[in-house]
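Note sheet for the following structure.
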Amino acid sequence: MITWKAKKHHIFIETPASFDFKVNLDYLQRNANECMYEIENNRITRVMKINHMRTLVRISEADRENIVVEFLADTEPILLEDKKAIVHDVCEWFDLERNLLPFYEMGWQDSLLKQAIERFYGLRVMGLNDLFEALCWGILGQQVSLPFAYTLKRQFVEKFGDSLDYNGKKYWIFPSFDKISRLTVEDLADIKMTKRKREYIIDVAKLMANGDLSKEKLLHLDDLKQAEEELVRIRGIGPWTANYVLMRCLRYQNAFPIDDVGLINAIKFVMGMDRKPTKEEIRALASQWENWESYATFYLWRMLY
DNA sequence: AGCCAGGAGATTT
DNA sequence: AAATCTCATGGC
(Lines give C-alpha, C1' and ligand atoms only; values in the text may rest on other atoms or scores of the structure.)
Protein backbone atom coordinates (compact mmCIF):
# COMPACT_ATOMS: atom_id res chain seq x y z
CA MET A 1 0.00 0.00 0.00
CA ILE A 2 1.15 3.47 -0.82
CA THR A 3 1.52 5.98 1.99
CA TRP A 4 0.22 9.47 1.45
CA LYS A 5 -0.80 12.49 3.41
CA ALA A 6 -3.02 15.39 2.51
CA LYS A 7 -2.11 18.94 3.47
CA LYS A 8 -4.31 21.91 2.90
CA HIS A 9 -3.61 22.36 -0.80
CA HIS A 10 -1.31 19.44 -1.50
CA ILE A 11 -1.08 15.72 -1.31
CA PHE A 12 2.25 14.04 -0.67
CA ILE A 13 2.67 10.56 -2.03
CA GLU A 14 5.52 8.35 -0.97
CA THR A 15 7.51 6.75 -3.74
CA PRO A 16 9.43 3.47 -3.60
CA ALA A 17 13.23 3.28 -3.72
CA SER A 18 13.23 1.96 -7.27
CA PHE A 19 11.56 5.09 -8.55
CA ASP A 20 13.23 8.08 -10.12
CA PHE A 21 10.97 11.05 -10.81
CA LYS A 22 13.38 12.68 -13.23
CA VAL A 23 13.75 9.54 -15.34
CA ASN A 24 10.00 9.27 -15.68
CA LEU A 25 9.77 12.96 -16.43
CA ASP A 26 12.27 12.49 -19.25
CA TYR A 27 10.04 9.83 -20.68
CA LEU A 28 7.04 12.14 -20.52
CA GLN A 29 9.02 14.80 -22.34
CA ARG A 30 10.08 12.56 -25.18
CA ASN A 31 7.86 14.42 -27.62
CA ALA A 32 7.30 18.16 -27.59
CA ASN A 33 3.97 17.78 -29.39
CA GLU A 34 2.30 15.97 -26.50
CA CYS A 35 -1.03 17.66 -25.77
CA MET A 36 -2.34 15.90 -22.67
CA TYR A 37 0.01 17.54 -20.20
CA GLU A 38 2.59 20.28 -19.92
CA ILE A 39 5.99 20.00 -18.31
CA GLU A 40 7.81 23.07 -17.11
CA ASN A 41 10.56 23.37 -14.53
CA ASN A 42 10.28 19.67 -13.75
CA ARG A 43 6.62 20.03 -12.90
CA ILE A 44 3.84 18.23 -14.74
CA THR A 45 0.53 20.02 -15.16
CA ARG A 46 -2.51 18.18 -16.40
CA VAL A 47 -6.19 17.56 -15.86
CA MET A 48 -7.23 14.46 -13.98
CA LYS A 49 -10.77 13.14 -13.97
CA ILE A 50 -11.96 11.61 -10.74
CA ASN A 51 -15.43 10.70 -9.56
CA HIS A 52 -16.97 12.83 -12.29
CA MET A 53 -14.97 15.88 -11.36
CA ARG A 54 -12.07 17.47 -13.14
CA THR A 55 -9.09 18.76 -11.29
CA LEU A 56 -6.07 20.54 -12.64
CA VAL A 57 -3.05 19.15 -10.87
CA ARG A 58 0.64 19.95 -10.79
CA ILE A 59 2.89 17.06 -9.93
CA SER A 60 6.49 17.44 -8.91
CA GLU A 61 9.19 15.85 -6.81
CA ALA A 62 9.00 16.97 -3.19
CA ASP A 63 12.10 15.11 -2.11
CA ARG A 64 13.81 11.82 -2.84
CA GLU A 65 10.97 9.85 -1.27
CA ASN A 66 7.89 11.85 -2.10
CA ILE A 67 6.09 13.40 -4.98
CA VAL A 68 3.64 16.18 -4.38
CA VAL A 69 0.34 16.88 -6.10
CA GLU A 70 -0.85 20.49 -6.00
CA PHE A 71 -4.30 21.61 -7.03
CA LEU A 72 -4.72 24.55 -9.37
CA ALA A 73 -7.56 26.64 -10.73
CA ASP A 74 -9.83 26.12 -7.74
CA THR A 75 -10.40 22.52 -8.66
CA GLU A 76 -9.20 21.15 -5.37
CA PRO A 77 -11.00 18.03 -4.15
CA ILE A 78 -12.57 18.49 -0.73
CA LEU A 79 -13.98 15.05 -0.01
CA LEU A 80 -11.73 12.35 1.28
CA GLU A 81 -12.91 9.94 -1.38
CA ASP A 82 -11.91 12.40 -4.07
CA LYS A 83 -8.48 12.77 -2.56
CA LYS A 84 -8.16 9.02 -2.44
CA ALA A 85 -9.15 8.86 -6.09
CA ILE A 86 -6.41 11.32 -6.97
CA VAL A 87 -3.84 9.29 -5.08
CA HIS A 88 -5.08 6.15 -6.78
CA ASP A 89 -4.82 7.67 -10.25
CA VAL A 90 -1.39 9.16 -9.66
CA CYS A 91 -0.16 5.81 -8.35
CA GLU A 92 -1.59 4.11 -11.38
CA TRP A 93 -0.12 6.65 -13.76
CA PHE A 94 3.37 6.18 -12.35
CA ASP A 95 2.84 2.49 -11.60
CA LEU A 96 4.06 3.16 -8.08
CA GLU A 97 2.78 0.01 -6.48
CA ARG A 98 4.79 -2.36 -8.62
CA ASN A 99 7.84 -3.95 -7.09
CA LEU A 100 10.54 -3.65 -9.73
CA LEU A 101 13.23 -5.52 -7.86
CA PRO A 102 12.50 -8.88 -9.51
CA PHE A 103 12.62 -7.17 -12.89
CA TYR A 104 15.99 -5.63 -12.13
CA GLU A 105 17.29 -8.89 -10.76
CA MET A 106 16.34 -10.62 -13.99
CA GLY A 107 17.36 -7.77 -16.29
CA TRP A 108 20.73 -7.30 -14.71
CA GLN A 109 21.77 -10.66 -16.12
CA ASP A 110 20.24 -10.05 -19.52
CA SER A 111 22.72 -8.70 -22.04
CA LEU A 112 20.00 -6.76 -23.84
CA LEU A 113 18.31 -5.23 -20.84
CA LYS A 114 21.38 -4.54 -18.79
CA GLN A 115 22.29 -1.24 -20.45
CA ALA A 116 18.73 -0.01 -20.47
CA ILE A 117 18.35 -0.75 -16.77
CA GLU A 118 21.57 1.02 -15.90
CA ARG A 119 20.53 4.03 -17.90
CA PHE A 120 16.88 4.22 -16.90
CA TYR A 121 16.89 2.83 -13.39
CA GLY A 122 13.71 4.00 -11.66
CA LEU A 123 11.68 4.24 -14.86
CA ARG A 124 8.12 2.97 -14.71
CA VAL A 125 5.75 2.00 -17.47
CA MET A 126 3.84 5.28 -17.49
CA GLY A 127 0.16 4.57 -17.73
CA LEU A 128 -2.60 5.56 -20.06
CA ASN A 129 -5.22 5.16 -17.38
CA ASP A 130 -8.17 5.95 -19.59
CA LEU A 131 -9.12 2.97 -21.75
CA PHE A 132 -10.63 5.01 -24.56
CA GLU A 133 -7.55 7.20 -24.73
CA ALA A 134 -5.28 4.17 -24.70
CA LEU A 135 -7.20 2.48 -27.51
CA CYS A 136 -7.32 5.66 -29.59
CA TRP A 137 -3.61 6.23 -29.09
CA GLY A 138 -2.91 2.69 -30.19
CA ILE A 139 -5.06 3.04 -33.29
CA LEU A 140 -3.63 6.45 -34.15
CA GLY A 141 -0.12 5.05 -33.85
CA GLN A 142 -0.65 2.19 -36.25
CA GLN A 143 1.75 2.31 -39.18
CA VAL A 144 2.63 6.00 -38.87
CA SER A 145 5.67 7.66 -37.39
CA LEU A 146 5.54 8.71 -33.77
CA PRO A 147 5.72 12.45 -34.54
CA PHE A 148 2.79 12.12 -36.90
CA ALA A 149 0.84 10.10 -34.35
CA TYR A 150 1.27 12.97 -31.90
CA THR A 151 0.02 15.41 -34.50
CA LEU A 152 -3.06 13.28 -35.10
CA LYS A 153 -3.74 13.05 -31.39
CA ARG A 154 -3.43 16.79 -30.99
CA GLN A 155 -5.83 17.44 -33.87
CA PHE A 156 -8.30 14.96 -32.43
CA VAL A 157 -8.08 16.29 -28.88
CA GLU A 158 -8.25 19.96 -29.82
CA LYS A 159 -11.24 19.41 -32.06
CA PHE A 160 -13.30 17.09 -29.88
CA GLY A 161 -11.87 17.33 -26.39
CA ASP A 162 -12.70 19.68 -23.54
CA SER A 163 -10.24 21.87 -21.73
CA LEU A 164 -9.66 23.74 -18.50
CA ASP A 165 -8.15 27.20 -18.77
CA TYR A 166 -5.51 28.30 -16.33
CA ASN A 167 -3.16 31.27 -16.58
CA GLY A 168 -4.07 31.75 -20.19
CA LYS A 169 -3.26 28.18 -21.15
CA LYS A 170 -5.51 25.32 -22.09
CA TYR A 171 -5.18 21.95 -20.41
CA TRP A 172 -6.90 19.31 -22.47
CA ILE A 173 -9.24 16.52 -21.53
CA PHE A 174 -9.32 13.59 -23.91
CA PRO A 175 -12.55 13.38 -25.97
CA SER A 176 -15.18 11.21 -24.29
CA PHE A 177 -16.33 8.02 -25.92
CA ASP A 178 -19.90 9.27 -25.50
CA LYS A 179 -19.23 12.22 -27.72
CA ILE A 180 -17.20 10.31 -30.30
CA SER A 181 -19.76 7.49 -30.44
CA ARG A 182 -22.27 9.95 -31.88
CA LEU A 183 -20.01 11.11 -34.71
CA THR A 184 -19.62 9.90 -38.28
CA VAL A 185 -16.48 9.49 -40.36
CA GLU A 186 -17.38 12.77 -42.07
CA ASP A 187 -17.27 14.60 -38.75
CA LEU A 188 -13.68 13.42 -38.38
CA ALA A 189 -12.72 14.42 -41.90
CA ASP A 190 -10.47 17.27 -40.72
CA ILE A 191 -8.23 14.89 -38.84
CA LYS A 192 -5.68 13.63 -41.29
CA MET A 193 -5.95 10.00 -40.41
CA THR A 194 -7.19 7.36 -42.78
CA LYS A 195 -10.89 6.80 -43.15
CA ARG A 196 -10.40 3.33 -41.75
CA LYS A 197 -8.91 4.68 -38.55
CA ARG A 198 -11.82 7.06 -38.18
CA GLU A 199 -14.14 4.09 -38.45
CA TYR A 200 -12.14 2.14 -35.88
CA ILE A 201 -12.21 4.96 -33.36
CA ILE A 202 -15.92 5.62 -33.73
CA ASP A 203 -16.67 1.89 -33.48
CA VAL A 204 -14.58 1.58 -30.31
CA ALA A 205 -16.39 4.61 -28.86
CA LYS A 206 -19.72 2.96 -29.60
CA LEU A 207 -18.68 -0.27 -27.91
CA MET A 208 -17.69 1.69 -24.82
CA ALA A 209 -20.83 3.83 -24.88
CA ASN A 210 -22.92 0.65 -25.02
CA GLY A 211 -21.07 -0.76 -22.07
CA ASP A 212 -19.89 -3.72 -24.16
CA LEU A 213 -16.29 -2.68 -23.63
CA SER A 214 -14.85 -1.29 -20.42
CA LYS A 215 -11.69 -1.30 -18.38
CA GLU A 216 -13.51 -3.03 -15.55
CA LYS A 217 -14.62 -5.89 -17.78
CA LEU A 218 -11.14 -6.42 -19.16
CA LEU A 219 -9.64 -6.33 -15.68
CA HIS A 220 -12.00 -8.98 -14.44
CA LEU A 221 -10.86 -11.52 -17.00
CA ASP A 222 -8.57 -14.24 -15.71
CA ASP A 223 -5.45 -13.62 -17.70
CA LEU A 224 -3.73 -11.77 -20.48
CA LYS A 225 -4.75 -14.25 -23.17
CA GLN A 226 -8.45 -13.78 -22.50
CA ALA A 227 -8.17 -10.01 -22.46
CA GLU A 228 -6.16 -10.10 -25.67
CA GLU A 229 -8.74 -12.30 -27.38
CA GLU A 230 -11.48 -9.98 -26.23
CA LEU A 231 -9.70 -6.96 -27.68
CA VAL A 232 -8.55 -8.52 -30.95
CA ARG A 233 -12.14 -9.38 -31.71
CA ILE A 234 -12.75 -5.65 -32.17
CA ARG A 235 -12.24 -4.34 -35.68
CA GLY A 236 -9.14 -2.18 -35.85
CA ILE A 237 -7.47 -3.82 -32.90
CA GLY A 238 -4.87 -6.42 -33.79
CA PRO A 239 -2.28 -8.14 -31.60
CA TRP A 240 -0.06 -5.06 -31.49
CA THR A 241 -2.71 -2.60 -30.33
CA ALA A 242 -4.19 -5.14 -27.92
CA ASN A 243 -0.88 -5.77 -26.22
CA TYR A 244 0.02 -2.10 -26.22
CA VAL A 245 -3.21 -1.31 -24.39
CA LEU A 246 -2.83 -4.30 -22.06
CA MET A 247 0.56 -2.93 -21.16
CA ARG A 248 -0.16 0.77 -20.74
CA CYS A 249 -3.75 0.70 -19.51
CA LEU A 250 -4.60 -2.71 -18.07
CA ARG A 251 -1.03 -3.08 -16.84
CA TYR A 252 -0.48 -6.72 -17.52
CA GLN A 253 3.17 -7.31 -16.76
CA ASN A 254 3.39 -9.93 -19.49
CA ALA A 255 1.77 -7.87 -22.25
CA PHE A 256 4.11 -7.98 -25.20
CA PRO A 257 3.68 -6.14 -28.51
CA ILE A 258 6.24 -8.39 -30.17
CA ASP A 259 5.69 -7.07 -33.71
CA ASP A 260 6.41 -3.51 -32.67
CA VAL A 261 8.79 -1.73 -35.03
CA GLY A 262 10.22 0.27 -32.17
CA LEU A 263 11.06 -2.88 -30.24
CA ILE A 264 12.62 -4.44 -33.34
CA ASN A 265 14.73 -1.35 -33.97
CA ALA A 266 15.73 -1.09 -30.33
CA ILE A 267 16.98 -4.67 -30.33
CA LYS A 268 18.84 -4.09 -33.59
CA PHE A 269 20.42 -0.98 -32.11
CA VAL A 270 21.34 -2.37 -28.71
CA MET A 271 22.82 -5.51 -30.22
CA GLY A 272 24.61 -3.60 -32.95
CA MET A 273 23.05 -5.71 -35.67
CA ASP A 274 23.23 -4.73 -39.33
CA ARG A 275 19.75 -6.11 -39.98
CA LYS A 276 16.49 -6.36 -38.10
CA PRO A 277 16.06 -9.33 -35.79
CA THR A 278 13.47 -11.89 -36.87
CA LYS A 279 10.43 -12.66 -34.78
CA GLU A 280 11.99 -15.96 -33.76
CA GLU A 281 15.14 -14.23 -32.58
CA ILE A 282 13.06 -11.80 -30.56
CA ARG A 283 11.12 -14.68 -29.05
CA ALA A 284 14.35 -16.35 -28.05
CA LEU A 285 15.66 -13.18 -26.42
CA ALA A 286 12.35 -12.57 -24.68
CA SER A 287 12.18 -16.06 -23.25
CA GLN A 288 14.23 -14.77 -20.33
CA TRP A 289 11.86 -11.92 -19.66
CA GLU A 290 9.04 -14.14 -18.53
CA ASN A 291 6.31 -12.13 -16.86
CA TRP A 292 8.24 -8.89 -17.36
CA GLU A 293 7.81 -8.51 -21.12
CA SER A 294 6.02 -5.17 -20.76
CA TYR A 295 8.80 -3.61 -18.72
CA ALA A 296 11.48 -5.09 -20.95
CA THR A 297 9.77 -3.58 -24.00
CA PHE A 298 9.28 -0.22 -22.34
CA TYR A 299 12.90 0.00 -21.27
CA LEU A 300 14.15 -1.01 -24.70
CA TRP A 301 11.96 1.61 -26.34
CA ARG A 302 13.72 4.20 -24.26
CA MET A 303 17.02 3.25 -25.86
CA LEU A 304 15.76 4.70 -29.15
CA TYR A 305 14.54 8.15 -28.17
C1' DA B 1 12.32 11.16 -54.18
C1' DG B 2 11.66 7.20 -51.93
C1' DC B 3 11.36 4.67 -47.90
C1' DC B 4 9.41 3.91 -43.72
C1' DA B 5 6.54 4.44 -39.66
C1' DG B 6 5.41 2.07 -31.91
C1' DG B 7 -0.24 -2.29 -38.12
C1' DA B 8 -4.69 -4.26 -39.45
C1' DG B 9 -7.96 -6.42 -42.45
C1' DA B 10 -8.93 -8.70 -46.65
C1' DT B 11 -7.52 -11.69 -50.07
C1' DT B 12 -4.69 -15.47 -51.91
C1' DT B 13 -1.84 -19.32 -51.59
C1' DA C 1 -2.12 -21.23 -41.38
C1' DA C 2 0.89 -18.42 -43.76
C1' DA C 3 2.23 -15.27 -47.13
C1' DT C 4 0.83 -11.21 -49.81
C1' DC C 5 -1.79 -7.11 -51.02
C1' DT C 6 -4.03 -2.80 -49.90
C1' DC C 7 -4.85 1.01 -47.27
C1' DA C 8 -2.88 5.96 -46.65
C1' DT C 9 -0.17 9.96 -45.01
C1' DG C 10 3.49 12.78 -43.17
C1' DG C 11 8.45 12.94 -41.79
C1' DC C 12 13.03 12.48 -42.74
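A, B, ... follow the sequence lines: proteins, then strands. Residue 1 opens every chain. Predicted, not measured: the structure shown is a model, and the values here were computed from it.
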Whole-angstrom distance between B:dG9 and C:dG10, as gauged at atom C1': 22 Å

Touch class at under 4.0 angstrom, heavy-atom based, for A:Ile237 against every strand present: sugar-phosphate

Over 12 non-hydrogen atoms of neighbours within 6.0 angstrom of OH in A:Tyr121: yes

Nucleotide B:dA5, atom C1' - distance to OH of A:Tyr150 in whole Å: 14 Å

Contact nearer the 5' end of DNA chain B, comparing A:Gly236 with A:Lys276: A:Lys276

Phosphate OP1/OP2 of B:dC4 contacted by A:Asn265 side-chain N/O (<4.0 Å): no

Spacing of A:Trp137 atom CH2 relative to B:dG7 atom P, expressed in whole Å: 11 Å

Protein-nucleotide distance (A:Leu140, atom CG; B:dA8, atom C1'), rounded to Å: 14 Å

Parallel, tilted or perpendicular: rings of A:Phe177 and A:Phe132 (30°, 60°): perpendicular

Salt-bridge criterion met for A:Lys170 and A:Glu158 (N-O under 4.0 Å): no

Sugar-phosphate, base or nothing in reach of A:Ile234, heavy atoms under 4.0 Å: sugar-phosphate

Same-atom distance (P) from C:dC7 to B:dA1, integer angstrom: 22 Å

Interatomic distance where CD1 belongs to A:Ile258 and C1' belongs to B:dG7 [whole Å]: 15 Å

d(CG, A:Asp259; P, B:dG9) in whole Å: 13 Å

Minimum side-chain heavy-atom gap A:Leu96-A:Pro16 below 4.5 Å: yes

Separation of B:dG7 P from A:Arg235 CZ (nearest whole Å): 19 Å

A:Arg198 and A:Glu186 ion-paired at < 4.0 Å: no

Annotated protein contacts, base or backbone, on nucleotides 5-12 of chain C with a non-hydrogen cut-off under 4.0 Å, one of B, S, - each: --SSSS--

A:Lys83 atom NZ: more than 12 heavy-atom contacts under 6.0 Å: yes

Sugar-phosphate only, base, or nothing, as touched by A:Thr297 at under 4.0 Å among non-hydrogen atoms: nothing

Whole-Å gap separating C1' (B:dG7) and CG (A:Leu135): 15 Å

A:Asp110/A:Lys114 ion pair, N-O < 4.0 Å: no

Interatomic distance where CD1 belongs to A:Ile264 and C1' belongs to B:dA5 [whole Å]: 12 Å

